[in-house]
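Only one structure is covered here, and it is reproduced in the block below.
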Amino acid sequence: RHAAAAALAALPVAPPLLVECRQAEMSEPSLRAAFGPFGEVRQVTLLGPPGGDGAPGGKERPWRATVQFSQSSAAARALGPTALYVTGDADGVKRRVYVSAD
């Protein structure tokens with residue numbers, strides 16, 4: 001993770017980070033609140049769950065979004081932690097999210 005964050009910080013433009021939550025849908029305000037401490041969030045794009053609603057066998061599908069920062073150093077800081085949490089708008093419950101630079 002540290003090597004990926006260092007490479008990300010060296011980029012002239014911050015690429016979007018992929019964010020996944022396997023427990024519930026995410027919202028733009030909740031993502032901005034969770035990632036704002038790392039730097040200015042330029043854009044949030046909600047992608048929803050792949051494959052539509054629900055999942056066979058009752059398994060949860062990941063909800064996906066991309067978060068793009070104004071500076072690559074902010075994206076690197078967001079990629080560094082091994083555990084990040086986004087608070088749900090409806091219930092106020094913190095849910096773990098997974099972040100990658102893919």
Side-chain angles (χ1 to χ4, degrees):
R1 291 190 75 81
H2 293 288
L8 195 63
L11 295 174
V13 176
L17 299 178
L18 178 63
V19 182
E20 288 188 357
C21 181
R22 296 188 175 125
Q23 301 165 336
E25 183 177 4
M26 298 176 285
S27 70
E28 181 176 344
S30 65
L31 286 163
R32 285 186 180 278
F35 286 90
F38 298 107
E40 182 183 347
V41 176
R42 189 173 84 184
Q43 183 177 354
V44 173
T45 303
L46 300 174
L47 305 173
D53 296 331
K59 293 185 178 180
E60 299 168 333
R61 290 188 186 265
W63 289 84
R64 297 179 178 176
T66 59
V67 174
Q68 188 167 17
F69 288 92
S70 296
Q71 296 180 333
S72 56
S73 58
R77 285 191 297 274
L79 188 61
T82 56
L84 287 171
Y85 295 86
V86 172
T87 302
D89 291 335
D91 58 12
V93 174
K94 288 187 175 186
R95 293 181 172 87
R96 185 172 183 171
V97 295
Y98 300 88
V99 182
S100 65
D102 297 335

So do the side chains of V99 and F35 get within less than 4.5 Å of each other, counting heavy atoms only? yes
Closest non-hydrogen atom pair between P37 and A33, with its separation: CD-O, 3.4 Å
Work out which heavy atom in T87 is nearest to a heavy atom in S30; give both atom names and the distance. O-CB, 3.2 Å
Report all side-chain donor-acceptor pairs from residues 3-19 shorter than 3.5 Å, counting only partners two or more places apart or in another chain.
none

Gap between atom CD of E40 and atom CZ of R32 - 0.5 Å precision: 9.0 Å
If the condition is side-chain hydrogen bond (donor to acceptor under 3.5 Å, both in side chains), which residues does T45 pass it with, not counting sequence neighbours? Q43
Do side-chain atoms of R77 reach the backbone of F38 as a donor and acceptor pair under 3.5 angstrom? yes
Say whether V93 and Y85 are linked into one hydrophobic cluster, either directly or through other cluster members, by side-chain heavy-atom distances under 4.5 angstrom. no
Should the heavy atoms of other residues, nucleotides or ligands under 6.0 Å from CD of Q71 be counted, would the total exceed 12? no
V97: which of R22, E20, Q23, M26 passes side-chain contact (heavy atoms from CB on, under 4.5 Å): M26
Distance in Å, R64 CZ paired with L46 CG, rounded so as to fall on 0.5 Å steps: 13.5 Å
